Colleague: 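A single structure is presented below for examination.
Any value given below was found using the heavy atoms of this structure, including those in side chains, with hydrogens, waters and symmetry copies removed. Here the structure is a predicted model, which is why all the values come from computation and not from measurement.
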Amino acid sequence: MAKKKYYQRPDGLYEVSRTINGKRVRFRGKTCREVDRKIVEYSEAEERGRKFPEVADEWFEYHGSEIGQSTYNTYLNGLRRLKSSFRGYIKDIKPTALKAYVEEFEKKGYSKSTVSVNISVMKQIFSYAVMKGDIEISPAAEIRHSKNLPQKKRSALTEEQERAVENYRGDDWLLGYMLLYTGARRGELLALNWEDIDREKGVIHFNKKLNYAYGTRPRLENKMKSLNGFRDTPILAPLLAVLPDDKKGKIFKNAKGDYLSEYEMKKRWQAYCRNVGLVEFEKDENGNTVEVFNITPHCLRHSFTTICYEAGLDIKSTAKFIGDTEKVTQEIYTELRERKSTEGIEKVNEYLERRAAERL
């Protein structure tokens with residue numbers, strides 16, 4: 001009787017253990033040939049490694065619990081795009097393929113911030129793969145986005161629009177007024193209670209926000225976008241003069257007394273823009289006139305920052321008031337300085353043109 005190649009178990013299956021890439025693995029089969037085939041298949045699979053989607057999902061499961069919901073959703077979109085484009089083995093992905101992916105992504109007209117998020121997700125996945133031993137060197141290490149990509153900029157209101165906000169006293173007038181004179185983010189303002197307004201100290205306590213990233217209803221959170229988000233913002237004189245002092249509970253709420261849902265906020269903001277004159281009109285592809293709401297609550301935050309700049313407030317103080325980093329505030333101040341410089345040049349040129357005309 002021929003000697004069997006592998007140990008035969010009481011249940012009739014053949015079995016053997018092998019050490020492959022430092023791991024002890026047990027193989028079983030109905031015949032010795034089946035065991036041989038499984039050993040070969042496993043060895044080949046180990047040589048090829050894991051596929052990119054598997055590693056990407058494992059990274060996201062590992063990393064997802066460490067980030068906020070808004071960032072979670074943003075990263076999830078980037079993850080899905082990458083998994084759709086790279087379905088093969090992670091060892092086979094080259095820097096040239098990643099560079100081509102980014103270039104193709106940029107051609108679709110995405111903003112600089114969106115492209116940057118996708119590259120960040122890409123880099124993190126490959127760094128995780130290095131840490132797990134799937135690859136030795138990250139092919140994404142030198143991937144960069146192109147220069148001069150379009151950026152979504154939220155501009156401050158014009159002086160005429162600011163006056164319209166200041167003079168309006170119709171529905172939701174306080175919403176726009178407080179956005180303009182606190183520089184608060186939408187979620188921070190909508191989470192305020194009247195008790196957060198400290199008249200004795202002359203400040204508004206910002207220590208919570210509404211997060212709209214979880215679905216139709218907002219979630220009240222006591223964690224801010226950054227540690228700078230926890231702040232006491234001074235109540236500016238124009239705001240102090242109009243704030244009632246005999247109210248309690250939520251400042252902004254719906255008919256049921258609950259926090260505004262994202263849909264409710266959107267409809268009320270659009271109505272507010274119509275009433276104040278902040279809505280614009282454009283022609284659609286069919287030639288019909290349609291409303292365009294380019295003014296967002298964040299635009300009034302920029303207006304507040306502009307007010308601070310024009311008042312001569314230093315960057316550190318302004319950053320503290322708006323609950324942002326000095327770096328972000330510096331970028332806004334730099335933009336404002338450049339704009340002022342351009343306006344100054346235009347005024348000089350206008351003057352020179354007038355003077356030349358007068359000499360004729």
Side-chain angles (χ1 to χ4, degrees), residues 67-74 154 156-157 165 168 171-236 238-240 242-273 276 278 293 295-305 307-308 318-325 328-329:
I67 56 180
Q69 189 65 32
S70 296
T71 305
Y72 181 97
N73 291 342
T74 302
R154 298 183 177 97
L157 273 61
V165 172
Y168 176 67
D171 292 340
D172 283 320
W173 70 272
L174 189 58
L175 176 62
Y177 210 92
M178 289 191 72
L179 284 168
L180 178 62
Y181 283 118
T182 65
R185 301 177 179 86
R186 179 191 66 169
E188 296 171 345
L189 191 76
L190 296 181
L192 282 179
N193 295 323
W194 289 106
E195 291 84 353
D196 294 317
I197 299 175
D198 191 335
R199 288 178 173 273
E200 290 187 8
K201 295 183 178 180
V203 298
I204 299 176
H205 303 299
F206 287 101
N207 50 30
K208 55 189 177 297
K209 68 176 181 180
L210 294 184
N211 192 331
Y212 288 92
Y214 292 91
T216 58
R217 306 304 306 180
R219 179 183 296 183
L220 184 66
E221 296 180 344
N222 61 358
K223 58 181 180 181
M224 308 298 267
K225 187 173 184 180
S226 67
L227 290 177
N228 295 332
F230 293 94
R231 66 195 185 278
D232 289 341
T233 297
I235 308 175
L236 299 185
L239 180 58
L240 183 62
V242 299
L243 281 175
D245 58 0
D246 58 348
K247 293 190 175 184
K248 295 182 180 180
K250 300 180 184 70
I251 298 179
F252 303 103
K253 54 190 177 182
N254 60 21
K256 296 181 180 180
D258 298 325
Y259 291 115
L260 296 176
S261 68
E262 188 161 27
Y263 176 77
E264 290 168 335
M265 174 59 187
K266 177 182 177 181
K267 300 305 290 185
R268 286 172 65 162
W269 181 253
Q270 289 180 347
Y272 173 84
C273 288
V276 180
L278 301 181
F293 298 92
I295 301 297
T296 67
H298 207 90
C299 292
L300 279 75
R301 177 175 169 82
H302 276 254
S303 290
F304 178 85
T305 307
I307 291 171
C308 293
T318 301
K320 183 178 179 181
F321 288 169
I322 65 175
D324 221 326
T325 63
V328 172
T329 310

Colleague: Heavy-atom count around Lys320 NZ within 6.0 Å, excluding the residue itself: above 12?
Modeller: no
Colleague: Would a 4.5 Å heavy-atom cut-off, applied to side chains only, mark Leu239 and Leu180 as touching?
Modeller: no
Colleague: Looking at every heavy atom in both Ser261 and Tyr212, which two are closest together, and how far apart are they?
Modeller: C-CE2, 3.6 Å
Colleague: Atom CG of residue position Asp171 - does it have more than 12 heavy atoms of other residues, nucleotides or ligands inside 6.0 Å?
Modeller: no
Colleague: Work out which heavy atom in Thr329 is nearest to a heavy atom in Ile322; give both atom names and the distance.
Modeller: OG1-CD1, 3.9 Å
Colleague: Around atom CZ of Phe293, are there more than 12 heavy atoms of other residues, nucleotides or ligands at under 6.0 Å?
Modeller: yes
Colleague: Within the 4.5 Å heavy-atom criterion, are Tyr272 and Leu278 side-chain neighbours or not?
Modeller: yes
Colleague: Look at the rings of Trp173 and Tyr177 and say which category their plane angle falls in: under 30° parallel, 30 to 60° tilted, over 60° perpendicular.
Modeller: perpendicular
Colleague: For Phe252, enumerate each residue passing the ring pair (Phe, Tyr, Trp, His ring centres under 6.0 Å) test, keeping only those at least two apart in sequence or located in another chain.
Modeller: none
Colleague: CG/Leu236 to CZ/Phe321 distance, rounded to the nearest 0.5 angstrom?
Modeller: 8.0 Å
Colleague: State, yes or no, whether a side-chain contact exists between Ile251 and Leu189 at a heavy-atom distance under 4.5 Å.
Modeller: no
Colleague: For a quick test of reading the model, state the closest non-hydrogen atom pair linking Lys208 to Asn193 and the distance between them.
Modeller: CE-ND2, 3.9 Å
Colleague: Phe206 versus Leu192: any side-chain heavy-atom pair under 4.5 Å?
Modeller: yes
Colleague: Considering non-hydrogen atoms only, spot the tightest contact between Lys247 and Trp194 and give its length.
Modeller: O-CB, 3.2 Å
Colleague: State whether Arg231 and Glu188 are salt-bridged, where the test is any N-O pair (Lys NZ or Arg NE/NH1/NH2 against Asp/Glu carboxylate O) under 4.0 Å.
Modeller: yes
Colleague: If I take atom CD1 from residue Ile235 and atom CE from residue Met178, how far apart are they, to the nearest 0.5 angstrom?
Modeller: 8.0 Å
Colleague: A side-chain contact here means heavy atoms from C-beta on lying under 4.5 Å apart; do Ile197 and Asp245 qualify?
Modeller: no
Colleague: Measuring from Lys266:NZ to Leu260:CG, what's the distance to the nearest 0.5 Å?
Modeller: 15.0 Å
Colleague: So do Trp269 and Arg186 actually touch side chain to side chain, heavy atoms under 4.5 Å?
Modeller: no
Colleague: How many angstroms lie between atom OG of Ser303 and atom NE2 of His298, to the nearest 0.5 angstrom?
Modeller: 11.0 Å
Colleague: What's the separation between atom NZ in Lys209 and atom CZ in Arg219, rounded to the nearest 0.5 Å?
Modeller: 11.5 Å
Colleague: With side-chain contact (heavy atoms from CB on, under 4.5 Å) as the test, pick out the partner of Ile295 among Val165, Leu157, Val276.
Modeller: Leu157
Colleague: What is the distance from atom OG1 of Thr318 to atom CZ of Phe304, rounded to the nearest 0.5 Å?
Modeller: 7.5 Å
Colleague: Which of these passes side-chain hydrogen bond (donor to acceptor under 3.5 Å, both in side chains) with His205: Asp196, Asp232, Thr233?
Modeller: Asp232
Colleague: Do Met265 and Leu175 have side chains that get closer than 4.5 Å, going by heavy atoms?
Modeller: yes
